[in-house]
Protein chains: 2
Amino acid sequence: MSELADEGLVRQWRGLLARHAAVFGALECELQSKHGLGVSEFEALERLATGEAKCRGAELTDAVHLSQSATSRLVARMEREGLVERAMCELDRRGIFVSLTEEGLRRYEQAKPTHRAILKETLTFDD
Amino acid sequence: MSELADEGLVRQWRGLLARHAAVFGALECELQSKHGLGVSEFEALERLATGEAKCRGAELTDAVHLSQSATSRLVARMEREGLVERAMCELDRRGIFVSLTEEGLRRYEQAKPTHRAILKETLTFDD
DNA sequence: ACGAATTTGATGCAAACACATTTAATTCGT
DNA sequence: ACGAATTAAATGTGTTTGCATCAAATTCGT
């Protein structure tokens with residue numbers, strides 16, 4: 001039953017995949033070549049720049065749509081590059097607080113116009 | 001200027017990322033645990049099962065939204081698992097034809113209901 | 001027709017990912 | 001209050017990915 005509804009779902013999913021690939025690919029290419037940032041790095045920077053100053057690991061994991069382990073290494077990379085800082089969380093000493101460095105904020109603000117321009121170019125109106 | 005339009009674009013992109021992650025993650029999990037297939041493997045099988053019988057590498061690359069090298073290795077993996085066959089292309093002997101094996105068709109048809117069910121569960125109506 | 005440029009698919013390689021496990025700190029149950 | 005269960009983040013490991021490159025085949029320009 002509903003062979004037709006299935007076809008609709010598949011078309012929808014195909015569209016979602018295609019749009020995601022187009023935007024993600026363009027962002028990856030431009031952010032990397034112009035600012036030395038990956039898409040995940042930028043998403044993390046944006047979360048840190050616009051949310052509360054300090055951010056628990058789990059919140060960052062949600063924001064970047066990666067696994068916990070990938071997020072941990074993402075933060076490690078960004079810390080190595082001087083974009084973020086890790087601080088022990090006093091209330092729960094298992095956890096960490098991640099925060100932007102000045103350099104991180106600067107890089108985010110430099111990359112932001114590029115990011116928005118790519119979105120404008122590649123995001124079609126049919127969502 | 002158009003700080004507001006930017007915000008709209010960003011919201012749209014965030015939505016796209018979140019939907020993609022939700023559907024892709026659920027598909028990956030279920031297809032893997034129930035049928036031993038990744039999302040890319042399934043997309044390749046579907047392309048081969050529904051399009052022309054034989055398929056050039058480049059068409060497959062478009063279908064799965066991967067790089068050329070990743071697609072080449074995807075085909076190699078699937079051939080190793082007996083899901084597809086590679087044949088030399090007579091007209092252009094640089095190229096290959098990829099085609100489904102019986103086992104590949106069987107696995108596709110087994111996995112298809114699961115795939116459709118996950119789409120129904122996770123694809124929301126707001127596209 | 002013939003050498004240069006292009007195209008197709010494969011592969012070496014390093015980076016990034018997910019899964020499973022580990023360590024340390026907190027919470028829960030009794 | 002104290003041991004068991006849970007949670008947070010880090011890390012070992014194998015797989016997958018993209019980039020750059022390569023070899024082989026075709027196409028293009030003259």
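Please read all numbers here as calculations on a predicted model, not as lab measurements. By convention in this document, chain letters (A, B, ...) are assigned in the order of the sequence lines, proteins followed by strands, and residues within each chain are numbered from 1.
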In chain order, what residues pass the side-chain hydrogen bond (donor to acceptor under 3.5 Å, both in side chains) check against [X], with sequence neighbours excluded?
X	answer
B/Arg106	B/Glu103
B/Asp92	B/Arg94
A/Glu46	A/Tyr108, A/Arg116, B/Arg14

| said: Show every salt bridge (Lys or Arg N to Asp or Glu O under 4.0 Å) that has at least one partner inside residues 29-40 of chain A, sequence neighbours left out. | reply: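 Found A/Glu30-A/Lys34.
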| field | Contact interval (first through last nucleotide) of DNA chain C with protein chain B, 4.0 Å heavy-atom | value |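 Endpoints of the contacted stretch of DNA chain C: C/dT7 to C/dC13.
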| side chain to side chain contact (heavy atoms under 4.5 Å, CB included) involving B/His35 - partner list, sequence neighbours excluded | B/Leu31, B/Leu37, B/Gln110, B/Ala111, B/Thr114
| task | List for me each residue that meets side chain to side chain contact (heavy atoms under 4.5 Å, CB included) alongside B/Ala63, sequence neighbours excluded, and say none if there are none. | result | B/Arg47
| Do any of residues 73-81 of chain A sit with a heavy atom less than 4.0 Å from DNA chain C, and if so which? | A/Arg73, A/Arg77
| task | Looking only at side-chain atoms of A/Ser72, point me to the closest of D/dA9, D/dA10, D/dT26. | result |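 Given the options D/dA9, D/dA10, D/dT26, the side chain of A/Ser72 is closest to D/dA10.
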Contacts under 3.5 angstrom, residues 69-78 of chain A side chains, donor-acceptor by atom type, not counting sequence neighbours:
| residue | atom | partner | partner atom | Å |
| --- | --- | --- | --- | --- |
| A/Ser69 | OG | A/Ser67 | OG | 3.3 |
| A/Thr71 | OG1 | A/Thr61 | OG1 | 3.4 |
| A/Thr71 | OG1 | A/Ser67 | O | 2.8 |

| said: Going by ring-ring contact (aromatic ring centres under 6.0 Å, His included), name the residues that satisfy it together with A/His20, two or more places apart in sequence or in a different chain. | reply: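 Counting only residues at least two positions away or on another chain, A/His20 forms a ring-ring contact (aromatic ring centres under 6.0 Å, His included) with A/Phe24, B/His20.
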| task | Would you mind telling me which residue lines up with the more 5' stretch of DNA chain C, B/Arg86 or A/Glu90, judged by nearest nucleotide? | result | B/Arg86
| query | Starting at the 5' end of DNA chain C, which residue's closest nucleotide do you reach first, B/Gly95 or A/His65? | reply | B/Gly95
| request: Mind grabbing the angle between the end helix axes of the helix from C/dA1-D/dT30 to C/dT30-D/dA1? Five pairs an end, 10° rounding. | output: 40°
| With sugar-phosphate meaning primed atoms plus P, OP1 and OP2, does A/Gln68 contact a base, only sugar-phosphate, or nothing at under 4.0 Å between heavy atoms? | base
Could you list the donor-acceptor pairs under 3.5 angstrom formed by side chains in residues 83-91 of chain B, with sequence neighbours left out?
| residue | atom | partner | partner atom | Å |
| --- | --- | --- | --- | --- |
| B/Arg86 | NE | B/Glu79 | OE1 | 3.1 |
| B/Arg86 | NH2 | B/Glu79 | OE1 | 2.9 |

| message | Quick check: on DNA chain D, is the nucleotide nearest B/Ser67 upstream (toward 5') of the one nearest A/Ala70, or the reverse? Name the residue that is more 5'. | response |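 Final value for this comparison: A/Ala70.
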| task | Find the distance between CD (A/Glu121) and CD1 (A/Ile118) and round it off to the nearest 0.5 Å. | result |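 The distance works out to 4.5 Å.
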